[in-house]
Amino acid sequence: MNGQLCEAVIKRDKWVEHLKKKAEHTAKVTYNNERATMILNTTYKTAMEGNLIPDRETLVTRIGNMIKSPNSSWSEKKPEWELPRTYFDA
C-alpha cells in the first residue's frame with residue numbers, strides 16, 4: 001500500500017457526495033413545508049375516500065409501474081436525477 005486511496009474508496013466517496021447533494025436538494029426544495037403539507041393533506045384525503053393500497057403486492061406493482069412508465073411531470077425531471085451510466089467508470 002502506497003498511501004493512495006483505492007478505486008473503490010474513490011467511487012464510494014463520489015457516491016456519498018452525490019447522495020448528500022440530492023438530500024440537501026430534497027430537504028430544501030422538494031419537501032419544503034408547503035409541499036409536505038400538500039402531501040399530508042392529499043394522503044389524508046385519499047385515505048378518507050377509501051383509495052388505500054390493499055396489499056404489498058399492489059404497492060410493489062404500482063411502484064414498478066411508476067418507475068417503468070413515469071407520468072409526464074416525472075419524465076421531464078428524471079434526467080436531472082439520474083446518474084450517467086459511466087458515473088463510476090474509472
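Please read all numbers here as calculations on a predicted model, not as lab measurements.
Met66 and Val60 fall into different hydrophobic clusters, defined by Ile, Leu, Val, Met, Phe, Trp and Tyr side-chain heavy atoms under 4.5 Å apart, directly or through other members. In this structure, Leu59 is a member of the same hydrophobic cluster as Ile67, with clusters built from ILVMFWY side-chain heavy atoms closer than 4.5 Å.
For Lys28, the salt bridge (charged side-chain N to carboxylate O under 4.0 Å, His left out) criterion is met by Glu24, not counting sequence neighbours. The side chain to side chain contact (heavy atoms under 4.5 Å, CB included) test applied to Thr26 returns Thr30, Tyr31, Trp81, not counting sequence neighbours. For Ser73, the side chain to side chain contact (heavy atoms under 4.5 Å, CB included) test picks out Asn71, Lys77, with sequence neighbours left out.
To the nearest 0.5 Å, atoms CD (Gln4) and CD1 (Ile10) are separated by 8.0 Å. A distance of 13.0 Å separates CE in Met38 from CG in Asn33, rounded to the nearest 0.5 Å. Rounding to the nearest 0.5 angstrom, the gap separating the CZ atom in Arg35 from the CG atom in Leu40 is 12.5 Å.
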Working note: Thr58 + Asp55, criterion side-chain contact (heavy atoms from CB on, under 4.5 Å); need CA distance, chi angles, decisive distance, verdict.
CA-CA 6 Å; Thr58 304; Asp55 55 29; 2.6 Å; yes

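In this structure, Asn65 places its CG atom where more than 12 heavy-atom neighbours from other residues, nucleotides or ligands lie under 6.0 Å away.
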